[in-house]
Structure formats: structure tokens, C-alpha cells
Amino acid sequence: MKVSYIAIVIGLAVQSALAVPKFQPRRTSILINPDAQPDLPSPQNARLAGVTPANAGLNLNDIQGDILIGMKKKKELFFFFSINDAATFKSKLSSDIKSLITNTNQLLSVSTQPITAVNIAFSQAGLTALGVSDNLGDAGFQSGQFADAAKLGDAGTTNWVSGFAGTKIHGVFLLASDTVDNVNNELASLQSILGSSISEIHRVAGAARPGNEEGHEHFGFMDGISQPAVQGFTQNVLNGQATVAPGELLVGETGDSLQSSRPSWTTGGSFLVFRQLQQMVPEFNKYVANHALSVPGLTAQENEDLFGARLIGRWKSGAPIDLAPLRDDTDLANDNTRNNNFTFNHPEVPGFVFASNQTNCPFSAHIRKTRPRADLGSENTGHHIMRAGIPYGPEVTDAETSAQQSSTDPALERGLAFVAYQSNIAQGFEFMQEAWVNNANFIFGKTTPPGVDPIIGRAAGSAAETPRDISGTDPLTPTKKFSLDVEFVVSRGGEYFFSPPISALSGVLSA
Ligand code: N7H
């Protein structure tokens, strides 16, 4: 009796062990895909895109998965570390860690996505710790982000997370999945592989916002709509999408101006700019409510929403104000063939003077400052980035809403874990932030100086309490100045990294 009972138990155990395959193909994606955002190519289309142009041959199996997919992750953990024991780290990097790194092709279809996607990137201090002395050809990367803080408009570095101050971070793991548990399990297994060869310096846990807010950042605006189409990757270019040579994002590829001087092992890698940008959401909402416009024919709520939309250049839905200047249009927002198809110029409108007209969109609006489209004549500016960030931190609490003020509780900090990829930081993120966003006179040649970008702009070197002036936001009086006396976005610092091609992990980086 006892023996047959044991046999049954063993039998059931064997049966259930057999019933659970070791590798369970995914049924739900790691990625979100709101209608407003561009779709990713299917693996087949991505391969075809690589065949047509002369610059064919992006190695999507070697390019880390995060670089070309944009702001689409459901959950993402950024784990910043220093390397204590380079020899042990290198031996694990070339074997166990390399086999866990997720490439671009894997992410393009749900069935090939891993349980948790793992990417890795190194700072200059990290490359030095690994004994890599090659010059990657990027001055910003070489000196690190802390040295850049003043130029970026960070009002001092007192708000910086201590881990970002200096050059103590050597690398970052980017772990993406559909659940927090998956991400945490993956981190635990990485930590057990690497043991004491690394130490944690800092971590940021990102997540797409819940429910209908999925894809929206913490101020409530749909994000990730306007991303560059990449030759050799994107097959169906959407109307109004900027098309860039792969070398604008990927080191060593066609279009990288330093292609001939890059170390050969870096081809297919990309510089990753990370910024922890805290968002003061109740303060933003309060400022917008207090500055509601008075455009005739609109309700009070519509006038308030319009003011907010004119700071960004899009409605919360994602519809561009250049095409929907007075009221939101959710059909337009959710149609990715139309929602990016505008230039800010309206030659079809009789008497439209491009140098002075801000009826549809202020010169200072965030999306105009960061992609001036027809304002620069030609789109081919060479200043594009692939944005791959994700919101972090909790939703606003009722207490914060009623106080109209963000809590000082560190557990309630929220914002954007900003990530930008490019082949040249000086031409990409730095240029955008310093020459456009923080420059009160940009867009040049306009009859009214726009002021800084209201969301992320601050003149380099100005103190945090200095009000930031913008104009153009009131369509009835475009010369009217608004004094932004609160910070909507506070920089908590960051670092510059290089996201290497996967092949380099068992090559130069672990030699
Ligand atoms: Fe920005 N926001 O909610 O206000 N961003 N951004 N950004 N941003 C964009 O078109 C936001 C930041 C760019 O091609 C949208 O995808 C916030 C930095 C660029 O038309 C919204 C923060 C930099 C674009 C936001 C933040 C940029 C863009 C519209 C910080 C670079 C595309 C959605 C907390 C220096 C422009 C979309 C184009 C769009 C927001 C940071 C750059 C809603 C909250 C630091 C290039």
C-alpha cells in the first residue's frame, strides 16, 4: 500500500516535470505597442530593410536589443554598478553574461523574446577598469556626464543622486520584461553569476504607466511617437518621420562621421545617454491651471488643456497641435500615419509668415525645440536620437494632488528614466540640450525670441531659482512672456555609456 502510494507520487511528479518544458515560449510581449507610436518591423521586414539600401547589412543579431526599439518596454530596471575584480568580471562577461544578452532580432517577435531581456553598457571609467585603452572618439563619453552638468543646464549638482556624481559608475545592466518579478529574478541571477566582482551603485526601476496611461509619461502626455526611421532597419517609414542613416545612431555604420577612425570592435554599438529626470507633476498641473488661456469659443477646461499642449507641442493624447491647434483630436493621435506628418510651416495658409506665426505651435514648444523640422529648412540636421526611456516612480497620490505639491518622500519620486542612443553624443543629446533646448534665442531668425524649452530647458549656468522665460504660448498675444518660476523637471544626474555590439563582450572587452 505504502509502496504504491510512493510510486503514484513519483509518477505524478515525473509527469508534471515532463509537462513543463524548460523553455516556455512567450505569449505576452515584453513591449507595449500603443496605436500612436510607430510599429516595430517584423523580423522579416527588418531583414528586408537591410537588403535594399546600399548600406545593407546591419547585423541585428549583434546589435543590442534596446538600441533600435524605442520607448516600448513594459518594465525596465537600470542597475548601475562598479567593477571590483576585473579578471573575474571579464571571464563571466565572455561566457555566462554574453549568452544572456538580448539582440535586436530577438525582440522583434514575441516568440523569440526571452523571459527578461538583458542589455549591458559601459562608461569610460568602466572601459578603463577593464583595461580597454582604445579611444572611442567621443569627448563627452570620455569625460563622463558629471563633467557636463553645468553645460546641460543642471543648476548645480546638489540634486544629483550621489552615485552619479563623479565617475564611479562602470556599467549598467538594462533588464526589461513584462513583470517586476521577472526583472528581479534576472537581476538575482546576474548577481549570483558575478558575485563580488561588481558592487551596486544605484538602481532605477521603470514601468509603463497603468491602464489608459500606458505609453504616457508622468505629466500625462503620450510619448515615443516621433522616433527616427533607421535605414537598414525600418521598412515602412511613416509620414513625417525623419529617416536617418544607421550611422547616426550606430557607431561605425554608414553615416557615422567618424566611421573610419572608430575601433573596429565598436561597429554596431551606440552611445547611451542616461538621465534620471524627476518630474514635479502636481507643480506642473498647478502652473498649467493657473495660466489657462482665454481663447474665445473654448471652455475653461479646454483653455487650460490648450496651455499645457502648447508647452509640449502635442495634446495629452499625442495629437500634434500643429494639425489640431484648438482642440484635441484622438483619431489623429491614434493614427501613426498622420500624427507625425507636419512641419510647423503652413504655406497653404494665405499670409502665413513663418518667421512670426505661432498660431498653431509656439517656437518654444518642447517638440519644436527638439526637432525644429521646417524651421531649419532641411530635416537632415544630423541631430537625431533614438529615445528609449521609460517612466519611473509611483503615480501621484491624492495627498500630493490636494497639496498641489510633490511629496519630499524619496519613495514618491517619479520622473522619466531618460535614455537616448546616438553615434555621437556631441551631435545628438548634447547638441539638442545645449544648442537648442537651453538656448533662449533658438529657433533663430524668428521675430520673437522663443525662450528656453519649458519642459527641460534652463540656460547653462543659471541658478535653480532663476525664472525661465518663454514666449509664444498665448496664441492671442504671441509676444507675451510667461515666467516659469517652478522647475517641472529636475535633473538627478546620469552618465554616458557605450552599448557595445554583443560580439565585443567575448572579444576586446574580456581580453
Ligand atoms: Fe522629450 N514630455 O512629456 O513633455 N518629449 N521629454 N526629451 N522629446 C517628447 O513626439 C518629455 C527630453 C525629445 O521628433 C514628447 O514622442 C519629458 C530630453 C525629442 O517631434 C513628450 C521629458 C530630450 C522628441 C516629451 C523629456 C528630449 C521628444 C512628445 C523629461 C533631449 C521628439 C511625444 C522628463 C534632450 C520630437 C513624441 C519630435 C518628444 C516629454 C525629456 C527630446 C510628451 C517629460 C532630455 C527629440
Side-chain angles (χ1 to χ4, degrees), residues 34 36-38 70-72 145 148 151-154 206 209 213 215-229 238 240-244 248-249 273-281 284 288 308-323 333 336 339-344 361 364-376 379 381 383-393 413-422 425 427-439 452-458 487-494:
Q37 295 184 353
M71 311 184 72
K72 285 183 174 284
Q145 197 178 113
D148 242 3
K151 279 200 294 174
L152 295 176
D154 291 8
R209 294 189 52 218
E213 291 301 310
H216 298 242
E217 51 66 62
H218 275 294
F219 293 143
F221 294 82
M222 176 57 86
D223 212 349
I225 300 169
S226 184
Q227 297 274 33
L238 296 167
Q241 203 174 10
T243 299
V244 301
E248 204 170 325
L249 304 179
V273 171
F274 183 89
R275 301 267 283 162
Q276 182 173 333
L277 298 174
Q278 182 177 7
Q279 290 178 251
M280 314 307 282
V281 179
F284 176 84
V288 170
R310 286 179 70 88
L311 297 178
I312 312 286
R314 290 187 184 271
W315 298 92
K316 286 189 171 172
S317 65
I321 57 172
D322 196 47
L323 299 180
N336 65 13
N339 67 14
N340 209 16
N341 193 19
F342 58 93
T343 67
F344 305 118
C361 184
S364 62
H366 176 62
I367 65 159
R368 196 160 180 176
K369 280 282 210 175
T370 52
R371 184 183 167 202
R373 303 184 190 226
D375 288 314
L376 292 184
E379 174 64 42
T381 58
H383 306 298
H384 296 101
I385 53 177
M386 182 65 84
R387 292 172 298 131
I390 187 167
Y392 73 90
E413 178 183 331
R414 64 186 65 80
L416 182 66
F418 175 84
V419 172
Y421 288 102
Q422 61 261 277
I425 298 175
Q427 292 297 304
F429 165 74
E430 275 182 331
F431 189 92
M432 217 173 253
Q433 183 77 44
E434 293 168 27
W436 289 350
V437 161
N438 291 349
N439 186 342
V452 298
D453 176 324
I455 305 301
I456 52 162
R458 159 165 298 288
E487 299 286 324
F488 303 138
V489 171
V490 175
S491 167
R492 308 272 285 125

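Small disclaimer: the values here were computed from a predicted structure and weren't measured. Each ligand, and each atom within it, is numbered from 1 in the order the structure gives.
The residues Asp322 and Arg373 are annotated as not salt-bridged, no charged nitrogen and carboxylate oxygen being separated by less than 4.0 angstrom.
Under the 3.5 Å distance criterion, with hydrogens and angles disregarded, a donor-acceptor pair is assigned to the side chains of Asn438 and Gln433. Inspection of the His218 and Gln279 side chains reveals no N or O donor paired with an N or O acceptor under 3.5 Å.
Annotation: atom 15 (C) of ligand 1 to nearest protein heavy atom, Asp223 OD1, 3.5 Å.
His366 contributes atom NE2 as its closest N/O/S atom to atom 1 (Fe) of ligand 1.
Judged by the shortest distance from any of its heavy atoms, Arg275 lies outside the 4.0 Å radius around the atoms of ligand 1.
Residue contact check: Arg373 has heavy atoms under 4.0 Å from atoms 14 (O), 20 (O), 38 (C) of ligand 1.
The option from Phe219, Phe221, Phe431 that lies nearest to atom 43 (C) of ligand 1, judged by heavy atoms, is Phe221.
Ligand 1 has no nitrogen or oxygen under 3.5 angstrom from a nitrogen or oxygen of Asn340.
With a 4.0 Å heavy-atom cut-off, ligand 1 is reached by no atom of His384. Under 4.0 Å from ligand 1, the heavy atoms of Met222 that appear belong solely to its backbone. Under 4.0 Å from ligand 1, the heavy atoms of Ile456 that appear belong solely to its side chain.
Under the 3.5 Å distance criterion, the side-chain polar atoms of Gln241 are left unmatched by any main-chain donor or acceptor of Asn340.
Taking the six-membered ring where the residue is Trp, Phe431 and His383 present parallel rings, their angle staying beneath 30° rather than reaching 60°.
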